[in-house]
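Here's the structure we're looking at; comments come further down.
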Amino acid sequence: MFVKGRIKFYTVSGVQGGTPGAPSVFIAYGEENATLLKNAGIAGKYLNLK
């Protein structure tokens, strides 16, 4: 899942930090996890690699 935009990081005290220098991607391992990620409602592009 290539996420639209960039994820944001927070410090342990809850203060918002910066964003990563590269695009954000979530990776699911296993069919069940891939289905959950695909249907999670996250804005972006889902790509199924087999």
Output side-chain donor-acceptor pairs under 3.5 Å for residues 22-44, partner residues at least two apart or in another chain, one line each.
unit_1: Ser24; atom_1: OG; unit_2: Ile7; atom_2: N; d: 3.3
unit_1: Asn33; atom_1: ND2; unit_2: Tyr29; atom_2: O; d: 2.8
unit_1: Thr35; atom_1: OG1; unit_2: Glu31; atom_2: O; d: 3.0
unit_1: Asn39; atom_1: ND2; unit_2: Thr35; atom_2: O; d: 3.2

Taking atom CZ of Phe2 as the centre, report whether more than 12 heavy atoms of other residues, nucleotides or ligands fall under 6.0 Å from it.
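Not more than 12 within 6.0 Å, no.
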
Which Ile, Leu, Val, Met, Phe, Trp or Tyr residues join Val15 in one cluster when any pair of side-chain heavy atoms under 4.5 Å counts as a link?
none

In the hydrophobic cluster built from side-chain contacts under 4.5 Å, what are the other members alongside Val12?
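Besides Val12, the cluster holds no residue at all.
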
